[in-house]
Amino acid sequence: MNDSAIPQPGDLPRQRYNAGLANEIEAKWQNRWEIERTFWAPNPTGDLSEGFDALSDNKKFFALDMFPYPSGAGLHVGHPLGYIGTDVFARFKRMTGFNVLHAMGYDAFGLPAEQYAVQTGQHPRVTTEANIANMKRQMRALGLGHDPRRGVATTDVDYYRWTQWIFLQIFDAFYDEQADRARPISELIPLLKADPSIGWDALSERERRELVDSHRLAYLDEAQVNWCPALGTVLANEEVTAEGRSDRGNHPVHRRPLKQWKLRITAYAERLLADLDGLDWTDSIKLMQRNWIGRSVGAEVKFGVAGHADASIDVFTTRSDTLFGATYMVLAPEHPLVDVIVASEWPNATLAEGLTDIRPAWRGIFGSDVSPPAAIHSYREFVAQKSELERVAEGKVKTGVFTGAFAVNPVNGNQIPIFIADYVLMGYGTGAIMAVPAHDQRDFEFANEFDLPIYCVIQPPETWLSEHAISQEAPAADWPEAFTGDGVGVRSSNDGVSLDGLAVSAAIQAMNDWLEATELGRPRVTYKLRDWLFSRQRYWGEPFPIIYDELDLPIAVPNSMLPVELPEVVNFEPEIVADDVDSVPAPPLARAEDWATVDLDLGDGVKTYRRELNTMPQWAGSCWYYLRYLDPTNTDAFVSREADEYWMGGEEGEAGGIDLYVGGVEHAVLHLLYARFWHKVLFDLGHVATKEPFKRLFNQGYIQAAAFTDARGTYVEAADVVERDGGHFLGTEPVQREFGKMGKSLKNVVTPDDIYGNYGADTLRLYEMSTGPLDASRPWSTRDIVGVHRFLQRLWRNVVDEDTGEARIDPEPADEETRRLLHQTIAGVSQDMTTLGFNTAVAKLITLNNRLTQVVGEQGIAPEEIVVPLILMVAPLAPHIAEELWERAGNDGSLSREPFPIADPAWLVMESVEVPIQINGKVRHRLLVPTSADETETEAVVRADPVVGSLLEGKTVRKVVVVPARLVNFVVG
RNA sequence: GCCCGGGUGGCGGAGUUGGCAGACGCGACGGACUCAAAAUCCGUUGCCCGAAAGGGCGUGAGGGUUCGAAUCCCUCCCCGGGCACCA
């Protein structure tokens with residue numbers, strides 16, 4: 001953009017505050033902070049406790065930024081918005097007497113470094129470390145007051161040793177439903193032995209191990225994944241195109257079950273939901289987590305299967321009141337009972353009420369000459385070929401196949417056909433539904449597609465019928481859509497229960513009571529939340545501390561043998577296997593043949609074990625990093641009890657947790673849910689003292705940037721575009737403006753380095769804080785930066801002689817008006833700091849400084865009474881210039897622990913206040929009224945004013961509204 | 001489709017237990033300094049009418065409640081985000 005506002009060197013005073021001087025000052029103070037250990041936050045005990053005694057009477061404050069990934073491109077100016085916000089707040093808290101912990105580490109495992117390694121052969125560790133070094137440099141240059149001792153990276157072997165340790169804690173735990181908490185697996189075995197229905201003594205070694213493994217919070221499971229044989233790896237949903245092919249290389253992707261590690265987060269669904277209530281998070285984030293967990297209250301109902309006396313199918317429903325309207329049943333295609341109940345031939349008997357024959361459509365899309373098992377097989381393949389995206393893209397067109405079997409509705413004994421269809425998901429509820437097409441839109445669509453009967457059992461109200469132009473008598477099959485609202489039950493009774501005439505909620509209650517009494521069903525709560533798929537076929541991740549013995553069952557690597565270090569490999573790519581749907585992935589770690597098997601003595605002699613070759617997903621390391629910040633050098637534990645209790649502990653009676661956690665809303669669900677889950681496991685097992693990690697969560701906004709396209713629609717370098725004549729131009733060519741994320745592809749990246757060079761870090765910090773509230777997204781505008789730069793320049797000039805560099809400060813008191821403004825500013829800024837309202841804090845500081853500029857203009861010197869508190873108030877926002885002014889004003893050492901100014905209430909009250917005088921709600925005049933005047937006095941003062949008198953002349957005052965010290969409104973007729 | 005946020009000058013944004021709309025900054029315009037420019041400093045700046053005094057209009061649109069609405073209620077439009085066959 002236009003560079004004309006950038007200060008240029010020339011015949012300027014030697015000590016003018018410009019980019020050059022700012023950079024000098026900034027480098028000086030960044031070095032001093034480092035040497036003087038200004039931001040070291042002492043622990044109460046242990047390695048990092050130096051200096052604690054001096055702060056032992058202070059309260060603690062733990063400020064945290066979300067863990068950044070050290071990308072090769074480094075930071076652009078959009079990244080540090082939140083980091084600056086936490087730094088300003090942390091510095092403010094430090095000045096109000098807190099022992100503040102603020103640190104920054106790196107979530108450094110991940111795909112980009114691995115892909116770069118695949119392309120170049122450069123080891124991901126080399127790339128990662130270079131990127132971390134660059135980001136550290138950029139953050140240091142921003143003047144962020146981090147404790148450098150605590151900046152861990154997930155790729156540090158000393159760090160992932162403890163990630164592995166925590167995984168083993170999860171592996172070695174089970175969820176005790178009665179106690180509603182996780183317990184060590186060692187406590188499970190006596191319970192299993194004591195359960196006569198298990199018959200422990202009769203079980204083989206393998207059976208015992210498998211039984212125990214099935215209770216673990218980390219377990220192996222056959223999970224449906226996006227398997228791409230050509231790439232040799234499973235892919236995330238985001239990596240699969242709408243056509244069901246790989247994003248990279250356009251290879252076929254298949255949905256198939258693969259044996260994968262899963263973490264039993266679903267055991268915590270209820271607590272993850274309930275404990276949200278006590279957290280200081282925004283409602284929208286809580287809502288997103290609630291929706292994700294997706295609690296649903298209903299009933300499980302047992303349906304018999306005709307001709308299979310020993311088989312029954314449990315369905316989950318939230319609408320047990322519609323049981324009498326069930327006309328068919330659907331199982332998920334993968335449901336294990338499908339193979340048990342499937343008929344060998346298509347039945348032709350008239351079994352179900354209202355059905356006279358098997359409809360041709362029921363045999364599915366595979367023709368009438370295939371048998372049910374063949375149709376089922378074909379349908380399963382058809383479903384497996386489809387990606388998630390395709391299933392969604394196909395919208396509401398329902399597909400499915402009849403199994404040839406019939407279920408028996410327990411409420412009336414009716415036989416209803418059983419289908420499989422992909423609109424029923426194996427992972428939710430029981431993987432089976434009863435279908436009530438009259439009162440469920442999906443079932444309605446399926447029933448119409450498959451020519452199935454539709455019976456109304458909830459009478460819709462008149463309004464609904466008339467809205468849809470349906471007559472009272474019309475059969476439900478003629479409805480344009482299902483009726484899902486509230487109505488009264490009809491045609492819904494048997495010998496034991498009648499729902500007729502009952503409203504939906506009462507009918508559900510009555511039906512559930514009956515189901516429970518007859519043992520045909522029971523109340524049940526289900527969740528949308530699924531267990532967490534925890535394996536990745538990657539190199540650059542934490543190896544699992546798991547080995548397999550001759551039974552091919554998993555065994556934990558003993559703690560004494562941790563860490564399990566990543567082996568060196570030459571090729572970081574997953575092995576490309578034939579394009580075979582049934583092939584097995586060979587993760588990169590399989591190539592480290594010396595590593596993949598290991599001879600160990602686990603107490604029963606040296607044996608050969610096979611290692612787990614998958615690695616953990618990137619989320620693993622970020623699940624607990626905040627705990628390692630507390631005690632990063634501890635070699636005996638992932639965190640000491642003392643450090644955990646000190647930094648995470650709450651005030652008396654408070655829940656505790658991190659005092660302020662700032663990050664983007666994109667982590668609203670995954671990271672925040674995973675980390676809460678790990679924290680709760682650690683809490684249950686007694687390793688941490690708090691049940692929730694993040695007490696207060698704040699979501700910062702994003703910085704967007706203008707991007708420009710030329711006539712061909714190609715992005716052009718935004719930095720070269722000039723604004724003139726109300727348009728944007730690249731040279732002489734007009735270009736189109738749009739706004740988007742800052743990035744290479746839009747050619748609109750602005751880096752902090754660019755801004756330091758032209759204005760300095762303090763200006764960048766102040767600019768980012770001033771452009772809006774921290775939680776709002778806003779467009780970047782390099783042009784606007786000059787505003788806050790001028791502010792710092794004026795502040796500097798008010799205090800320092802631009803020629804000599806000497807401070808000029810007047811010990812004489814300031815005038816009353818300025819003093820009053822000072823105290824108002826202190827009160828306002830303190831308030832704004834507390835609420836993270838940094839933009840308005842900056843505005844108030846500019847206002848005070850503008851007043852100071854006037855005073856200096858008149859008197860040639862700034863009163864100390866104003867200057868000193870102003871410097872201290874500026875310090876959290878623009879710390880380098882504040883430190884420098886503080887020093888030049890004659891102080892030794894850093895101001896980082898100087899007390900933040902406190903307003904004198906005496907100067908906050910005004911003797912009189914200007915109030916607007918309204919006639920019929922319109923402002924017609926303004927008058928000074930004593931602040932202390934009550935309604936009567938105010939009215940008297942106002943009525944006595946000659947201007948008001950003339951305004952009211954000839955008018956009838958019907959009513960007078962007086963709000964003391966606010967306004968007076970005359971209602972005239 | 002469902003669920004959340006949000007729409008205020010040319011721009012970023014202030015202001016909500018209902019009480020002076022537009023703080024602060026950018027830009028724009030005018031002035032000082034300068035041979036000139038930059039930088040800096042001073043002033044003006046919501047829109048319309050008016051020489052001015054003053055008046056009218058104005059917080060996405062329309063309606064309502066109220067002495068008084070950016071703020072509360074109803075209907076609608078637009079933008080951003082989340083979820084998406086969850087039985």
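Lettering of chains follows the sequences in order, A, B, ..., and the numbering in each one begins at 1.
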Student: Check whether the side chain of A:K844 and the base of B:rC24 form a donor-acceptor pair under 3.5 Å.
Tutor: no
Student: Nearest to the side chain of A:V786, which nucleotide is it out of B:rC41, B:rC26, B:rA87?
Tutor: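 Ranking B:rC41, B:rC26, B:rA87 by closest atom to the A:V786 side chain puts B:rC26 first.
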Student: State the pairing partner of B:rC57; accept Watson-Crick or G-U wobble contacts with both distances under 3.5 Å, and report none otherwise.
Tutor: B:rG46
Student: Using a 4.0 Å heavy-atom cut-off, does A:R524 contact any base of the nucleic acid, only the sugar-phosphate backbone, or nothing at all?
Tutor: nothing
Student: Holding to side-chain contact (heavy atoms from CB on, under 4.5 Å), I want the full list of residues that pass it with A:D531, two or more places apart in sequence or in another chain.
Tutor: A:Y219, A:K262, A:R264, A:I265, A:T266
Student: Is any NZ, NE, NH1 or NH2 atom of the basic residue among A:R380 and A:E334 found under 4.0 Å from an Asp or Glu carboxylate oxygen of the other?
Tutor: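 No salt bridge links A:R380 with A:E334.
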Student: So which nucleotide does B:rA51 pair with, by the Watson-Crick or G-U wobble rule with both distances under 3.5 Å?
Tutor: none
Student: Counting the atoms with a prime plus P, OP1 and OP2 as sugar-phosphate, which does A:N969 contact under 4.0 Å by heavy atoms, base, sugar-phosphate, or nothing?
Tutor: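 Result for A:N969 = base.
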Student: Is there a Watson-Crick or G-U wobble partner for B:rA23 with both distances under 3.5 Å, and if so, which one is it?
Tutor: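 Base-paired to nothing in any strand shown.
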Student: What does B:rC41 pair with, Watson-Crick or G-U, if both distances are under 3.5 Å?
Tutor: B:rG31
Student: Using a cut-off of less than 4.0 Å, is there contact between a side-chain N or O of A:N839 and OP1 or OP2 of B:rA14?
Tutor: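 It does, given that an N or O in the side chain of A:N839 lies less than 4.0 Å from OP1 or OP2 of B:rA14.
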Student: What is the pairing partner of B:rC83, taking Watson-Crick or G-U wobble pairs with both distances under 3.5 Å in any strand?
Tutor: B:rG1
Student: What does A:S781 touch in the nucleic acid at a heavy-atom separation under 4.0 angstrom: a base, only the sugar-phosphate, or nothing?
Tutor: nothing
Student: Hey, does the Lys NZ or Arg CZ of A:K398 hover above the aromatic six-ring of A:F446, less than 6.0 Å from the centre and inside 45° of the axis?
Tutor: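 Ring-cation test returns no.
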Student: With a 3.5 Å cut-off and no angle check, do the side chains of A:T763 and A:H789 form a donor-acceptor pair?
Tutor: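 Their side chains do contain a donor-acceptor pair, which is all the 3.5 Å distance test asks for.
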Student: Which nucleotide in the list B:rU40, B:rG13, B:rG19 gets nearest to the side chain of A:R16?
Tutor: B:rU40
